[in-house]
Amino acid sequence: MLILKECRQRQTFTSIAARYRVSVPTVIRYFDRIQYAKPTRLPWLLALDEFKGNAQGQKYQTSITNPFTHKILDILPNQNTQDIIKYFRSFPKKQRNRVRWVIMDISNLFRKVVQEVFPNAVIICDRFHIIRLVLRAMERVRK
C-alpha cells in the first residue's frame with residue numbers, strides 16, 4: 001500500500017523501486033492499479049491532446065485536462081473519434097452546452113469531436129502547434 005501512495009506523487013518509478021527495494025516492473029504493476037473516477041462535471045474550458053503510450057495495446061491515448069487547474073480530468077485509452085464522442089455524450093447535454101472553449105492541436109480528429117459534442121464551444125489551437133507551424137513556414141522561406 002505504501003508503494004501505491006508513493007505512485008500518486010510526482011516521482012520516478014526507479015526512485016520508488018530503490019526506496020522499497022523492489023523492481024521497477026513491480027512498481028509499475030502497483031501504479032497500474034491506481035484508478036481515478038470519471039469526472040462528474042465538465043469545466044467551461046477543456047483541453048484535449050493525444051500522447052504516446054501503450055494502454056490496452058493502443059499506440060496513442062487522449063488526455064482531457066482543465067487548463068485552469070492544470071488537472072487531468074481523464075485519460076482515454078485511444079484516440080478513436082467515435083470512442084471520444086461516446087465518452088463525452090455520457091455527460092448530460094446541459095453540461096456539454098456549458099463548455100465554451102476547447103484547446104487542442106490542429107487535429108481534424110478533435111475538431112470533429114468538438115463540433116459534434118460541444119455545439120457552443122470555440123476551438124482554440126494550442127500555442128505549441130501554432131509556434132511549430134510558424135517555425136516550419138519560416139524555415140521553408142529561409143531555404
Side-chain angles (χ1 to χ4, degrees), residues 1-18 20 22-141 143:
M1 284 302 164
L2 292 174
I3 292 175
L4 270 177
K5 194 180 260 187
E6 297 252 356
C7 284
R8 292 181 189 271
Q9 300 170 1
R10 290 184 179 176
Q11 52 190 314
T12 66
F13 292 141
T14 305
S15 66
I16 296 170
Y20 288 95
V22 296
S23 68
V24 172
T26 298
V27 175
I28 292 171
R29 279 194 300 276
Y30 277 97
F31 178 78
D32 287 341
R33 293 181 190 169
I34 296 174
Q35 294 183 357
Y36 293 95
K38 179 181 171 185
T40 56
R41 297 182 57 107
L42 292 172
W44 54 275
L45 171 65
L46 282 175
L48 300 176
D49 202 5
E50 78 277 344
F51 64 94
K52 193 170 185 177
N54 64 353
Q56 298 177 4
Q58 298 293 314
K59 190 172 181 177
Y60 292 96
Q61 283 73 57
T62 301
S63 68
I64 304 165
T65 58
N66 181 333
F68 277 127
T69 62
H70 302 282
K71 298 285 183 187
I72 296 173
L73 300 175
D74 213 341
I75 296 176
L76 305 182
N78 62 49
Q79 60 177 19
N80 178 286
T81 305
Q82 292 307 314
D83 290 346
I84 300 169
I85 289 171
K86 183 179 176 184
Y87 172 83
F88 282 121
R89 281 199 174 143
S90 70
F91 291 93
K93 188 168 180 72
K94 186 176 180 181
Q95 273 195 43
R96 290 186 283 127
N97 286 340
R98 285 185 45 235
V99 175
R100 296 288 177 223
W101 293 283
V102 178
I103 300 170
M104 55 180 242
D105 60 17
I106 310 168
S107 163
N108 285 330
L109 164 102
F110 290 145
R111 182 178 302 131
K112 182 177 178 186
V113 169
V114 172
Q115 290 171 341
E116 180 118 1
V117 295
F118 302 118
N120 300 326
V122 173
I123 296 173
I124 302 170
C125 184
D126 69 55
R127 70 183 128 173
F128 169 80
H129 290 89
I130 294 291
I131 291 170
R132 190 171 72 175
L133 284 175
V134 169
L135 290 176
R136 283 182 181 167
M138 287 173 55
E139 185 66 14
R140 281 194 302 270
V141 169
K143 289 181 179 178

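Basis for what follows: all heavy atoms, side chains included, without hydrogens, waters or symmetry-related copies. Values in this document were obtained by computation on a predicted structure and should not be read as measured data.
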If you take all heavy atoms of [X] and [Y], which pair is closest and at what distance?
X: Ala47; Y: Pro67; answer: CB-CG, 3.7 Å
X: Asn78; Y: Asn80; answer: OD1-N, 2.9 Å
X: Ile75; Y: Phe51; answer: CG2-CZ, 3.6 Å
X: Val99; Y: Pro43; answer: CG2-O, 3.4 Å

Set of residues satisfying ring pair (Phe, Tyr, Trp, His ring centres under 6.0 Å) with respect to Phe110, sequence neighbours excluded: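 So Phe110 forms no ring pair (Phe, Tyr, Trp, His ring centres under 6.0 Å) with any residue.
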With Phe128 via ring pair (Phe, Tyr, Trp, His ring centres under 6.0 Å) - residues at least two apart: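 Scan of Phe128 (ring pair (Phe, Tyr, Trp, His ring centres under 6.0 Å), adjacent residues dropped) gives none.
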Drop me the distance from [X]'s [atom1] to [Y]'s [atom2], to the nearest 0.5 angstrom.
X: Leu76; Y: Lys38; atom1: CG; atom2: NZ; result: 9.5 Å
X: Thr81; Y: Leu109; atom1: OG1; atom2: CG; result: 3.5 Å
X: Asp105; Y: Leu48; atom1: CG; atom2: CG; result: 9.0 Å
X: Ile64; Y: Leu42; atom1: CD1; atom2: CG; result: 8.0 Å
X: Leu45; Y: Arg100; atom1: CG; atom2: CZ; result: 12.0 Å

Main-chain N/O of Phe91 paired with Arg96 side-chain donor or acceptor, under 3.5 Å: yes
Residues, nucleotides or ligands: over 12 heavy atoms within 6.0 Å of Ile72 CD1: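 Incorrect, the count does not exceed 12.
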Inter- and intrachain pairs under salt bridge (Lys or Arg N to Asp or Glu O under 4.0 Å), touching residues 71-84, at least two apart: none
Pairwise salt bridge (Lys or Arg N to Asp or Glu O under 4.0 Å) hits with a residue in residues 42-53, at least two apart: none
Heavy-atom check, side chain of Met104 versus side chain of Ile123, under 4.5 Å: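 Yes - at least one pair of side-chain heavy atoms lies under 4.5 Å apart.
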Candidates Asp126, Leu46, Val122 - the one meeting side-chain contact (heavy atoms from CB on, under 4.5 Å) with Ile103: Asp126
Pairs involving residues 109-124, ordered by first then second residue, that meet side-chain hydrogen bond (donor to acceptor under 3.5 Å, both in side chains) (sequence neighbours left out):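 Every side-chain hydrogen bond (donor to acceptor under 3.5 Å, both in side chains) pair that includes a residue of residues 109-124, provided the two are not neighbours, is Arg89-Glu116, Asn108-Arg111.
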Which residues share a salt bridge (charged side-chain N to carboxylate O under 4.0 Å, His left out) with Arg132, sequence neighbours left out: none
Mutual orientation of the aromatic rings belonging to Phe68 and Trp44 [parallel < 30°, tilted 30-60°, perpendicular > 60°]: tilted
